[in-house]
**Q** 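Just passing along the structure, written as structure tokens.
Because the structure is predicted, anything quoted here is derived from the model rather than measured.
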2 protein chains.
Amino acid sequence: MQPIGFKSHDHGTCIAHSVTSVQKQCAERGLQLTPVRQRVLEILLAKHQAMGAYDILAVLKADGFSAQPPVAYRALDFLVGNGFAHKIERLNAFVACSHPSSEHVPAFLICRVCENVAEGIANLSEDTVAASARDAGFIIERAVVEAEGVCPNCDGAQP
Amino acid sequence: MQPIGFKSHDHGTCIAHSVTSVQKQCAERGLQLTPVRQRVLEILLAKHQAMGAYDILAVLKADGFSAQPPVAYRALDFLVGNGFAHKIERLNAFVACSHPSSEHVPAFLICRVCENVAEGIANLSEDTVAASARDAGFIIERAVVEAEGVCPNCDGAQP
DNA sequence: TTGATATATGTTATAGTATATCATAACAAG
DNA sequence: CTTGTTATGATATACTATAACATATATCAA
Ligand SMILES: [Zn+2]
Ligand SMILES: [Zn+2]
Ligand SMILES: [Zn+2]
Ligand SMILES: [Zn+2]
């Protein structure tokens with residue numbers, strides 16, 4: 001529930017635990033966490049920061065994977081489609097999910113200074129959004145909140 | 001407060017009233033609603049539907065305006081920057097604001113079948129999002145909610 | 001009015017993001 | 001073995017957005 005990304009944490013075990021967790025979920029749900037898919041997840045986890053598809057592609061290339069755009073986009077589609085990562089539309093960039101074990105509406109806090117991103121969880125069902133949708137007869141299937149502002153590390157420094 | 005877009009309304013007066021309202025606000029705030037800016041606003045109002053920059057550009061071209069990409073993007077920057085329109089990041093597309101008279105966090109209900117869009121208003125300040133941001137020391141300056149699903153007109157028809 | 005300053009537009013070129021398409025490989029089920 | 005399914009390889013192209021520089025128009029103070 002705590003947004004990570006603006007506070008330090010034990011990152012080595014963080015990555016290992018996340019990868020193990022995703023491996024387990026894939027096994028349970030009959031999903032194939034192929035080498036390139038796992039590698040893209042690791043790349044995203046390595047920084048808790050949004051990365052563009054072409055940034056990821058550059059790392060894959062350095063790792064010896066085939067490096068055409070579809071390679072990255074396919075792996076990202078898999079990760080996003082199965083809830084292991086999110087796309088931040090405002091940045092055209094991707095992040096590993098910080099809460100991969102449960103369904104949720106992600107809420108991204110995007111620092112416009114340092115461009116770091118933290119993922120919280122929104123509760124739209126108790127927001128006016130749910131009421132508007134209900135009134136309109138609209139069925140929400142997926143949702144995302146994207147907030148731009150200034151993180152605690154950058155507050156005071158730059159305007 | 002009511003999302004429009006999934007219900008019919010008197011569209012002729014809707015456009016006229018919106019344009020008049022924006023003209024008035026521009027006068028009050030010392031903003032120049034130049035011909036191309038007003039025309040782009042009208043184009044967005046003509047459909048309550050998200051339009052890509054290049055769709056808008058095609059209409060401008062037909063109207064005899066210069067039709068290079070910056071023409072559309074500049075007008076859109078003006079409209080979005082001053083709250084008369086919004087960008088829907090998920091669609092890389094733009095819509096006229098349905099509530100241009102007040103500051104608000106827009107919440108878009110995007111039908112994945114017919115691609116129509118309705119704009120409601122979110123109240124993030126009473127959502128868990130605000131609490132997460134406060135806990136993290138993050139200052140939210142702008143925010144948007146984008147929800148994808150099925151509108152009442154399409155529910156039942158397509159899966 | 002005039003000149004200085006800021007704002008807006010015209011135009012060309014290019015950067016950045018994402019997908020369509022077709023071919024090939026790996027594997028499992030029948 | 002062959003057929004269906006899923007994942008990859010590879011090429012080309014579509015779509016979205018901005019940089020950079022030139023020109024014009026508005027605004028305002030002197
Ligand atoms: Zn998440
Ligand atoms: Zn920051
Ligand atoms: Zn709005
Ligand atoms: Zn619909």
**Q** Quick one: B:F78 CZ to C:dT9 C1', roughly how many Å, whole number?
**A** 14 Å

**Q** Calculate the interatomic distance between B:I56 atom CD1 and D:dA17 atom P; express it in whole Å.
**A** 10 Å

**Q** Can you tell me if A:K87 touches the phosphate of C:dA18, counting only side-chain N or O atoms and a distance under 4.0 Å to OP1 or OP2?
**A**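 A:K87 to C:dA18 OP1/OP2: side-chain N or O found under 4.0 Å.
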
**Q** Starting from P on D:dT8, measure out to CG on A:D63 and report it in whole angstrom.
**A**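 Atom CG in A:D63 sits about 15 Å away from atom P in D:dT8.
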
**Q** Compare the minimum distances between each of D:dA10, C:dA8, C:dG10 and the side chain of B:R74, then state the nucleotide with the smallest one.
**A** C:dG10

**Q** How close or far is atom C1' of C:dA18 from atom CD of A:Q68, stated in whole angstroms?
**A** 15 Å

**Q** Could one point to a donor on the side chain of B:Y54 or the base of D:dA17 with an acceptor on the other under 3.5 Å away?
**A** yes

**Q** On the 0 to 90° scale, with breaks at 30° and 60°, tag the B:F78-B:F84 ring pair as parallel, tilted or perpendicular.
**A** tilted

**Q** Rounded off to whole Å, could you give me the CG-to-C1' distance for the A:L91 and C:dA18 pair?
**A**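 Those two atoms, CG and C1', are 16 Å apart.
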
**Q** Looking at A:C151 and B:F138, what are the two nearest heavy atoms and their distance?
**A**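 Here A:C151 and B:F138 meet closest at CA-CD1, 3.6 Å.
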
**Q** Where each residue is assigned the nucleotide of DNA chain D containing its nearest heavy atom, which of B:Q32 and A:Q32 is assigned the position nearer the 5′ end?
**A**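 Result: A:Q32.
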
**Q** Rounded to whole Å, please give me the gap between CG in B:D77 and P in C:dT9.
**A** 12 Å

**Q** From CZ of A:R39 over to C1' of D:dT8, roughly how many Å is that when rounded to an integer?
**A**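 These atoms are roughly 18 Å apart.
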
**Q** Kindly determine whether B:R74 and B:V36 satisfy side chain to side chain contact (heavy atoms under 4.5 Å, CB included), including the steps that lead there.
**A** CA-CA 10 Å; B:R74 285 167 179 159; B:V36 66; over 6 Å; no

**Q** Any side-chain N or O of B:N92 less than 4.0 Å from the OP1 or OP2 oxygen of D:dA17?
**A**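 So the side-chain polar atoms of B:N92 do come within 4.0 Å of the phosphate oxygens OP1 or OP2 of D:dA17, strictly under.
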
**Q** Looking only at side-chain atoms of A:Y73, point me to the closest of D:dG9, C:dT19, C:dT12.
**A** C:dT19

**Q** Using whole Å, report how far CG of A:L57 lies from C1' of D:dT11.
**A**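 Going from CG in A:L57 over to C1' in D:dT11 covers 14 Å.
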
**Q** I want to verify a distance call: between C:dA18, D:dA10, C:dT11, whose nearest atom is closest to the A:P69 side chain?
**A** C:dA18

**Q** Is there side-chain contact between A:L44 and A:L76, with at least one heavy-atom pair below 4.5 Å?
**A** yes

**Q** Among C:dA20, C:dT9, D:dT16, which is the nearest nucleotide to the side chain of B:T34?
**A**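 Closest nucleotide among those given: C:dT9.
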
**Q** Is the distance from the ring center of A:H99 to that of A:H86 below 6.0 Å?
**A** no

